[in-house]
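First comes the structure, then the notes that go with it.
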Amino acid sequence: MSRSACVDSPGIGPDKTRMTIRILFLGEFGVRFGREHTLDCAEPLSVAELRGRIGAQVEGAGAVLARPDTRLAVDQTIVPDSARVGPGQEVAVLPIFSGG
Amino acid sequence: MSRSACVDSPGIGPDKTRMTIRILFLGEFGVRFGREHTLDCAEPLSVAELRGRIGAQVEGAGAVLARPDTRLAVDQTIVPDSARVGPGQEVAVLPIFSGG
Amino acid sequence: MAVTALLTRQPPAPEAELAAFLAGRTVDGAVVAFVGLARDESRSGPVTGLYLDHYPGFTERSLERMAADADARFAVSDIRVIHRCGEVAPGEPIVFVAVAAPHRRAAFEAADYLMDRLKTEAAFWKREDGPDGPRWIEPTDQDRADRQRWSD
Amino acid sequence: MAVTALLTRQPPAPEAELAAFLAGRTVDGAVVAFVGLARDESRSGPVTGLYLDHYPGFTERSLERMAADADARFAVSDIRVIHRCGEVAPGEPIVFVAVAAPHRRAAFEAADYLMDRLKTEAAFWKREDGPDGPRWIEPTDQDRADRQRWSD
């Protein structure tokens, strides 16, 4: 479980999990960028904004997060860029499925 | 193995098998007309003629032998009515295949 | 490459057949197996048993010809056909077909084609037994239509 | 009627699955089984192993959704899908699909449809390992074309 320092939450105390978003990178992205990250997040933002935030903070991930075929799932449901995501939620960054 | 008396060969002696045609009725025909018959046959005849000969001699079989969808196989190969068949051969009278 | 077509009075054993067919297969990505079972009911009513009459030698060759045709027509590696004859109880397997191929489309198509031919052209004469007595049956209209999908 | 879709790290056991799927079946005349095997070679060259990454929970639901869609779309009785995740050696099964139906056309079509969707839309990320190192792969053009056959 690698963590990218730039997105690790500096927060401490009982509210920490409520003020962060858990980020998972699947497939090749997990190998390239680290499987799991934690992003500080005090209030809701759009998925489009989240793509930018993650891309800025996880080294090398900006390019794949800008691709339309990189989809994001919030709490296990794929959502459009207009969806909102907030503290305590889990976001998965999904490369194109290979199929089984 | 039922035999219809009217087509049983009356011949005796070493040439008997060479002077007859073995007739097999498959499927429902076997139940209705008897599975196996022996037809006297001294010289080759056409399959069309054979249909008539069998139909005349095996009681009740005339109607099905006149149907074009009743096919005849000579020595295990389906043949047209113009084919020739002679002593010592085996003829099978085949209802429509049911498939497997 | 092996193409086998067998006639048997015993019920085929689909699980053992499948296991043997899969064993050691590293070139083929796809295996399609079809198992045809005797139903306890047909469009004519309840079925207490089937009897598949056959013409020894002739029927075997009809199976072998279809398997060879499927092999020639599709990009497949192996084909195995096992067909029952004689008495069959409801729930028992009548036919087992397995096809292996590098890619799945050929395996599906070859199995589908084989079954369409087997259901119309295999040299069997099938009797269904039920409460109203035996009935000798012919391919259904659906079977004939399915067969027409494959132009020769 | 049972529709099941399972994800497993163990290799599916196709013969045991088929035996269980066939047992006691007297209403359905047709069972189609598909086994997808890991090939030892792809268009990119030799393959020494596969790794199927998945997203726990999300991937299971992608399998369940496809099985439910197949069930809704075709006149079938039972569907079983078992899909592997994790490390897979060449020759091992990756996926087992079985479909039972009263009549064979529905069974063939449902299995074919399920495989076309599984090969393009199942939530896996597949890595092929070979002499030149690992490669992460996407559905092939053929897989995408096969998927297009089923209009939604």
Side-chain angles (χ1 to χ4, degrees), chain C residues 11-43 46-47 89-109 111-116 118-119 140 142-143 145-146 149, chain D residues 11-43 46-47 89-109 111-116 118-119 140 142-143 145-146 149:
Chain C
E15 60 278 16
E17 288 291 341
L18 181 60
F21 197 76
L22 290 170
R25 210 170 272 289
T26 58
V27 171
D28 299 311
V31 168
V32 172
F34 180 89
V35 182
L37 300 167
R39 302 174 62 203
D40 62 7
E41 164 170 306
S42 74
R43 67 204 66 211
V47 176
E92 287 185 348
I94 300 172
V95 59
F96 173 87
V97 166
V99 179
H103 301 290
R104 74 183 180 286
R105 180 111 330 277
F108 270 117
E109 289 182 350
D112 195 9
Y113 167 88
L114 261 170
M115 283 311 307
D116 283 349
L118 286 164
K119 292 295 282 186
T140 64
Q142 182 63 54
D143 287 332
D146 285 344
R149 297 182 306 145
Chain D
E15 60 277 15
E17 288 291 339
L18 181 60
F21 197 77
L22 291 171
R25 209 171 272 288
T26 58
V27 171
D28 299 309
V31 168
V32 172
F34 179 89
V35 182
L37 300 166
R39 302 174 63 203
D40 62 8
E41 168 170 300
S42 73
R43 68 205 63 213
V47 176
E92 288 185 348
I94 300 171
V95 58
F96 173 87
V97 166
V99 179
H103 301 291
R104 74 183 180 287
R105 180 110 330 277
F108 269 117
E109 288 181 351
D112 196 7
Y113 167 87
L114 261 172
M115 283 310 307
D116 283 349
L118 286 165
K119 293 294 281 187
T140 65
Q142 182 64 54
D143 287 331
D146 285 344
R149 298 182 306 144

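- Rounding to the nearest 0.5 Å gives a distance of 10.0 Å between OH of D:Y113 and CG of D:L118.
- Contacts between C:R25 and chain D at a heavy-atom distance below 4.5 Å involve backbone atoms as well as side-chain atoms.
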Full working for salt bridge (Lys or Arg N to Asp or Glu O under 4.0 Å) between D:D112 and C:R104: CA-CA 9 Å; D:D112 196 7; C:R104 74 183 180 286; 5.6 Å; no
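- Contact of D:A16 with chain C is not made at all, since no heavy-atom distance falls under 4.5 Å.
- Ranked by heavy-atom pairs under 4.5 Å with chain D, the first of C:P90, C:A30, C:A89, C:A38 is C:A30.
- Of the listed residues (D:L22, D:L18, D:L37), the greatest number of heavy-atom pairs within a distance under 4.5 Å of chain C belongs to D:L37.
- A donor-acceptor distance shorter than 3.5 angstrom exists from the side chain of C:R39 to the backbone of D:V27, with no hydrogens or angles considered.
- Of all non-hydrogen atoms in D:P12 and D:F96, the two that sit nearest each other are CB-CB, 4.2 Å.
- In terms of heavy-atom pairs under 4.5 Å with chain D, the best-connected choice from C:A33, C:P14, C:G91 is C:A33.
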Are C:V35 and C:E15 close enough, and set up right, to give a side-chain contact (heavy atoms from CB on, under 4.5 Å), and what steps lead you there? CA-CA 10 Å; C:V35 182; C:E15 60 278 16; over 6 Å; no
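- The most heavy-atom pairs under 4.5 Å with chain D, out of C:A13, C:P102, C:G24, C:A98, come from C:P102.
- No part of C:P93 comes within reach of chain D, as not one of its non-hydrogen atoms sits under 4.5 angstrom from that chain.
- Between D:R105 and C:D116 the shortest side-chain heavy-atom distance falls below 4.5 Å.
- The choice from C:D28, C:V99, C:I94 that makes the most heavy-atom pairs within less than 4.5 Å of chain D is C:D28.
- The candidate from C:V31, C:V95, C:V97 with the greatest count of non-hydrogen atom pairs under 4.5 Å with chain D is C:V31.
- The residue among C:E17, C:E92, C:Q142, C:K119 with the most heavy atom pairs within less than 4.5 Å of chain D is C:K119.
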